[in-house]
Number of protein chains: 2
Amino acid sequence: MATQHIPLAFTGLKGHNHQHCQQQVLNTAARLCQQRHVRLTPLRREVLALICHSHRPLGAYTLLEQLQAQQGRRAAPPTVYRALDFLLEQGLIHRIASLNAFVGCFQPEQPHIGHFLICERCGNAAEFDTPELNQQLQQTTDQLGFKVTQQTVELFGRCAQCQQQDEV
Amino acid sequence: MATQHIPLAFTGLKGHNHQHCQQQVLNTAARLCQQRHVRLTPLRREVLALICHSHRPLGAYTLLEQLQAQQGRRAAPPTVYRALDFLLEQGLIHRIASLNAFVGCFQPEQPHIGHFLICERCGNAAEFDTPELNQQLQQTTDQLGFKVTQQTVELFGRCAQCQQQDEV
DNA sequence: GCCGATTTGTAATGTTATATCATTTAAATA
DNA sequence: TATTTAAATGATATAACATTACAAATCGGC
Ligand SMILES: [Zn+2]
Ligand SMILES: [Zn+2]
Ligand SMILES: [Zn+2]
Ligand SMILES: [Zn+2]
């Protein structure tokens, strides 16, 4: 199976059917967890659903509030952090270090490092994965004799749509 | 004046005279602040000195402790955060988002975005700046129609020295 | 010396994340 | 099915990181 590269960031977000998008993530998550013999419990599934409700990164305490509101669940910070840990381990979400926030992964089939574009206007975060950049990163760090095990690549700015909005 | 690229990461760290390195940072900082008509007060200078004492990123509360210990300064969080804000503004330090920590900039002449290699073994963080990677980032984001205004690029792993140590 | 602006001190609070132990629930075994 | 064991969640407390708001001190220019 060839490495599948992600349909590319905001270009893929624009005008997509998000209802369908969210549902698909949840279905995929269920299938993957079954395959991996790990449990996507109701709680974990709900946290994932909340995160995938939009493409904006959400903080743990925002999730906590929504969890509490949504179904009178008595939840405390560890509850949500444990769910987040699970989802991170399973590659179903990513953490955005610059924002202390979490965003869904829409390509969780095979766990991977995520590179992100984050629009400061609309708040959306889009994962991108381009072979050229990966290759350049590899080449650069190789030259420096540095062996990378983990990456945080988070680029902030304006997405194409928001640039147009700005001009109005 | 041609863009000066940084002498390159851990390769530049290895076996360098850090005493001299630290002193030079402080001297440069003093000169820059004078040129810019901003004040490198004793407090700010001391925080910078603490940060540049090593190439390991330090957290705000670690700095706070050291500040308190060092000379019986009565200092509270805002004291250290204000100094950090100043130093960040002047491009004398960088923030490592993944670590909630701060590291000295050893090329502060012209403020810039920093890309970092962070060794998980020795703890050192080294800034690197390679035209090829910058160019690739630019090209990639251009293709996606994304206009970058701020970057967080933090690569974790093992520096060359620590890879050797591992083998022993 | 006086005045306005900048810097620092101080107390309180907000935000993000973890440690610890009890309880519940699900799975495995008998 | 009853019993045992492991996994997950509940609950309380606390640690780690960061900011707000206001008072006091310090610095520069007049
Ligand atoms: Zn979507
Ligand atoms: Zn946008
Ligand atoms: Zn040095
Ligand atoms: Zn190292």
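Because the structure is predicted, anything quoted here is derived from the model rather than measured. By convention in this document, chain letters (A, B, ...) are assigned in the order of the sequence lines, proteins followed by strands, and residues within each chain are numbered from 1.
- B:Ile96 places its CD1 atom 14 Å from the P atom of D:dC17, with the value rounded to the nearest Å.
- For B:Arg74, the listed nucleotide lying nearest its side chain is C:dG9; candidates were D:dA11, C:dG9, C:dT8.
- Here A:Lys147 does not pair with B:Glu120 in a salt bridge; the nearest charged N to carboxylate O distance is not below 4.0 Å.
- Computed from coordinates, the B:Leu87 CG to C:dT7 P distance equals 12 Å when rounded to whole Å.
- Checking A:Gln24 against A:Thr28 by side-chain atom types alone, no donor-acceptor pair falls below 3.5 Å.
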Each nucleotide in nucleotides 17-26 of chain C should get exactly one letter: B, S or -. Can you fill that in based on protein heavy atoms under 4.0 Å? BBB------S

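- The aromatic rings of B:His94 and B:His112 are tilted relative to each other, their planes meeting at an angle between 30° and 60°.
- Here B:Thr79 does not reach the OP1 or OP2 of C:dT10: none of its side-chain N or O atoms lies under 4.0 Å away.
- Between the side chains of B:Thr140 and B:Gln136, at least one donor N or O sits under 3.5 Å from an acceptor N or O.
- With A:Glu154 contributing its side chain and A:Ala97 its backbone, the two residues share a donor-acceptor pair below 3.5 Å.
- If you measure from atom CD of A:Glu89 to atom P of D:dA8, you get 9 Å, rounded to the nearest angstrom.
- Within a 6.0 Å sphere centred on CD of A:Gln35, heavy atoms belonging to other residues, nucleotides or ligands number more than 12.
- Counted within 6.0 Å of NE2 on A:His16, heavy atoms from surrounding residues, nucleotides or ligands total more than 12; the atom is thus considered enclosed.
- Between A:Leu99 atom CG and C:dT15 atom C1' the separation is 14 Å, expressed in whole Å.
- Here the P atom of nucleotide C:dG14 and the CG atom of A:Leu64 are 16 Å apart, to the nearest Å.
- In this entry the distance linking NE2 of B:His37 with P of D:dG29 reads 11 Å, nearest Å.
- Rounded to an integer number of Å, the gap from B:Leu63 CG to D:dA16 P is 15 Å.
- The interatomic distance linking A:Leu43 (CG) with D:dA11 (P) rounds to 12 Å, in whole Å.
- Minimum atom distance to the side chain of B:Thr41 is reached by C:dT7, of the listed D:dA8, D:dA11, C:dT7.
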